[in-house]
Every structure is written in C-alpha cells, then in structure tokens.
Novice: 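There's a structure below that I have some questions on.
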Amino acid sequence: MKNTDILVSGGGIAGPALAYWLRKAGFRPVVVERAPGPRPGGQSVDLRGAGRTVIERMGLLDQVRQVAVDQRGLALVDRNGKRLAELPTEAFGGEGIVSDLEILRDDLAGVLYRATAEDVEYLFDDTVTSLTEDPDGVDVTFENAPPRRFDLAVGADGLHSTVRRLAFGPESEHFVPIGGYTAWFTARLDLGLDDWLLMYNARGGRVAMARPGRAPGEIKAGLSFRSDPIAYDRRDSAAQRRLLTERFAGAGWETDRLLAAMADADDFFLEHLGQVRLDRYTRGRIALIGDAACCPTPLTGLGTSLALVGAYLLAGELATAQGDFTTAFARFQRQMKPYAAKAQDLPPGGIAGYAPNHRPMIALRAASMRWMTRRPLRTLMEAQAAKAGDVELPDYAGALEAV
C-alpha cells in the first residue's frame, strides 16, 4: 500500500473518526489539534441516520449510549414560560428536531479519542502554518512542532479550517452566511427543564434556548439572533458577550438569567451562522471533511452525520484503492457531494423560520410546531428527517472492520 503517512488537522469529531478508520486499514495518521488536549465543553449534537450507522460499525454505539443526554423533546415557550407547543423525541422515528440519541460534543469527541489514543499520534497545542505540495508528497510546517513530510493531508478542522484556507483559498470564497449568529455556553441554573429543550422566540429575530446537560444542575444555553454580517473580533470574548447582552436586554423569559450566567461561562463561544460550499472537497494531495468541507449550519442537525460519514467514506476509499489517492478522492467526491448537498438544504423557512422577526410570525411558528405531526407539515418534516440516512455506506469488502 502507498501514501500511508497522512496528516489529519482537527481533533474534534471528524478528525479522530478518520484516524480510527485509517489506522485500522494500515495507514499511519497523525492528528494535529490546536487545543492543548481533547477539547472540553460544547453543546448537544444529534447522532442520527448514517452517522449513527458509522458509530455502530466502529463498535462504539454502546459507549455513546452510556454518555448520551436524556432529552424528552423540544418545547416552545412564551415570555412568561408558558409552553406553546411540544415535539417529543419519538416523533419522526427519533429523527426529528431533537433526535432520540443526543450526546454532548465533548463526550462524543472523547469516545472517538479514546478509541484512537493508543495507536494514533496526536500533536496537541499545535496547528498547521503551511502546506507545500509536490508530486510526491506534502511538506507541512507547524506552529510548534518541527516540519514534517506527509503523503497526504486532510483538513477536518472545522468551519474556519486552516487547511482549507491554505490549500483552497480564503474563507470568504467558501463561506455563505445565512443571516444570523449563535452563541452557546454552559450554565448552572434551575429553569425547570424536566429533560426538555426549551426554546423562546423574541421579536427582532432573537432566540433563547436551554437544554439539559449531563451533569446534575447543568444546562446548555444558546442565544441566537438574526443579523446581516457584523464585524467582531473572534478572539475578544468580552466584546462578544457585551454584544449579546445589548441584543437580548429585556427580551423576556429567562434571558436576563441566561445573560448573567453567560458572564461566568468558561466555554462561551459566538459563531456566524453559515454554510461552507465547495465544488470539490479535494485538491491534489489534500482533502477536506466535516465542517471544513460542507458545514450545513446547526439548523439542519446534520453536521455530525456529515463529519462521521465523510470520515468513513474517505478512509474506505483510500483503503480500497490501496492508497491510490487519485482514484480514492474521485470516488469519495462522487459519494459525498450528493449527500452533503441534500444536508445543506435548510429546513422549511430557513433562518426566518427558526428566528422570526415579528409577533405574528412567532405565533405562526408555534402553530406550525403543533401541526408538525399532521399532514401536510408531517410530509415536509419526514423529508427533512430522511436526509440523515440518504446515502449508501459501502462495506468496502472488509477493508474497514471494527475490532
């Protein structure tokens, strides 16, 4: 087999999943991650459709279930906390807005890291600074580690991918905003969740959410708002918190308590809502997977599925082609592109449906959720739910087999 030394940039979900399959097929992946260790914190992610199938084929589904978050479903509330509509996890076969298998992002990343830590090299507290490709390989420089040479390089480093910027061009050429921003953080508040994700819509396209964490008394909070692109420093957390405090002042429900908790949260982040759109996910000896290749936005609930499926397909094709990356990358592209394109179709209404601006539209959103399990809305939601599994996962004739 050729082209066995592979750099994987990103130690979240897509990167370790790819490293897992590559190592089992006889490749030698090296994972570089900017964080000093497995990244803590993060919100609940949906494990659904083909993504769940990949985890099952890895033999890790039982481990994932052991750390899953108990959630009964999604409930819309008004400014006084009155429930306006509920959608339980059982709706749509467990593939609805809240899936029947929810796991905190760091818990899923931890499962994947532990499955790879013994036989995969990790470079923590580091990042790629340059990629120089020639006909025989890729020379890579790092911020801290000495330069190294690899046969292939894969960017699994998220929405703001360094590998994508270095090999495919600036982020502005590939990032498509959908008209909003979202912030997530952990808080310790008693909001009477009773294992439900509570969501509140305020006028002006503002959304406040609270969902159960896994630790007693812990909640995962979210604040989103509609907006044209705004200039802000991604490294200035204090300025970002001030921005949210101004946006949500007097919004109603529990927003004042959430804002107070946000001030002390050590896992706070603010992100521009948008999609990554590329015609091709490979260029020369370099490939992209996960959000780096095809971020669908959190509105779809399909980012984790895209990350896991992309890792499985890329590793499987490389294994089947015995390291012939030209053949493998072409096959990966043919299988991954249609799946990602469907996943990037936003749910009905898009950002306007998620964060309506005016009171009548907020009322309509609550009504639509009450009607969601009835036709014709049920048909639309069933089509949205089916996207998670709308890809054929080859078995690669035993090239990739869980232990």
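Please read these numbers as outputs of a predicted model, since none were measured by experiment. All residue numbers in this chain count up from 1 along the given sequence.
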Novice: How about Phe175 and His272: are their ring centres within less than 6.0 Å of each other?
Specialist: yes

Novice: Once side chain to side chain donor-acceptor pair (under 3.5 Å) is applied, what residue pairs with a partner in residues 84-105 remain, sequence neighbours excluded?
Specialist: Arg52-Asp100, Gln71-Glu102, Arg83-Glu86, Ser99-Glu102, Glu102-Arg211

Novice: Applying side chain to side chain contact (heavy atoms under 4.5 Å, CB included) to Gln384 and Ile97, what does each step give before you reach the verdict?
Specialist: CA-CA 9 Å; Gln384 182 70 24; Ile97 296 176; over 6 Å; no

Novice: Should the ring pair Phe225 and Tyr181 be called parallel, tilted or perpendicular, given that the plane angle runs from 0 to 90° and is split at 30 and 60?
Specialist: parallel

Novice: Flag the pair Thr282 / Phe332 as yes when at least one side-chain heavy-atom distance between them is below 4.5 Å, and no otherwise.
Specialist: yes

Novice: Restricting to non-hydrogen atoms, name the atom on Thr116 and the atom on Tyr122 that form the minimum distance, rounded to 0.1 Å.
Specialist: OG1-OH, 2.6 Å

Novice: Taking salt bridge (Lys or Arg N to Asp or Glu O under 4.0 Å) as the definition, give me every residue that meets it alongside Arg214, ordered by chain and number, with sequence neighbours left out.
Specialist: Asp107

Novice: Using a strict threshold of under 4.0 Å (side-chain N to carboxylate O), is an ion pair present between Arg39 and Glu33?
Specialist: yes

Novice: If I take atom OH from residue Tyr312 and atom CG from residue Leu18, how far apart are they, to the nearest 0.5 angstrom?
Specialist: 13.0 Å

Novice: Among Asp264, Asp267, Asp266, whose side-chain hydrogen bond (donor to acceptor under 3.5 Å, both in side chains) with Thr186 holds?
Specialist: Asp267

Novice: Could you name each residue pair satisfying salt bridge (Lys or Arg N to Asp or Glu O under 4.0 Å) that touches residues 375-388, not counting sequence neighbours?
Specialist: Arg375-Glu382, Arg378-Glu382

Novice: If I compare all heavy atoms of Asn144 with all of Asp126, which pair ends up nearest, and what's the gap?
Specialist: N-OD1, 2.8 Å

Novice: For Val276 versus Ala292, what's the shortest heavy-atom pair and its separation?
Specialist: CG1-O, 3.5 Å

Novice: Tell me whether Glu121 is salt-bridged to Arg148, with the criterion being a basic N under 4.0 Å from an acidic carboxylate O.
Specialist: yes

Novice: In Å and rounded to the nearest 0.5 Å, what is the CZ to CD distance from Arg235 to Gln240?
Specialist: 11.0 Å

Novice: Would you call Arg57 and Leu393 a side-chain contact if the rule is heavy atoms closer than 4.5 Å?
Specialist: yes

Novice: Considering only NZ, NE, NH1 and NH2 on the basic side and carboxylate oxygens on the acidic side, decide whether Arg72 and Asp195 come within less than 4.0 Å.
Specialist: no

Novice: When rounded to the nearest 0.5 angstrom, what is the spacing between CG in Asp151 and CG in Leu7?
Specialist: 11.0 Å

Novice: Could you label the plane-to-plane angle of the Tyr200 and Trp253 rings as parallel, tilted or perpendicular, counting under 30° as parallel and over 60° as perpendicular?
Specialist: tilted

Novice: Measuring from Leu193:CG to Leu189:CG, what's the distance to the nearest 0.5 Å?
Specialist: 9.0 Å

Novice: Using 0.5 Å steps for rounding, measure from the OG atom of Ser305 to the CG atom of Asp390.
Specialist: 12.0 Å

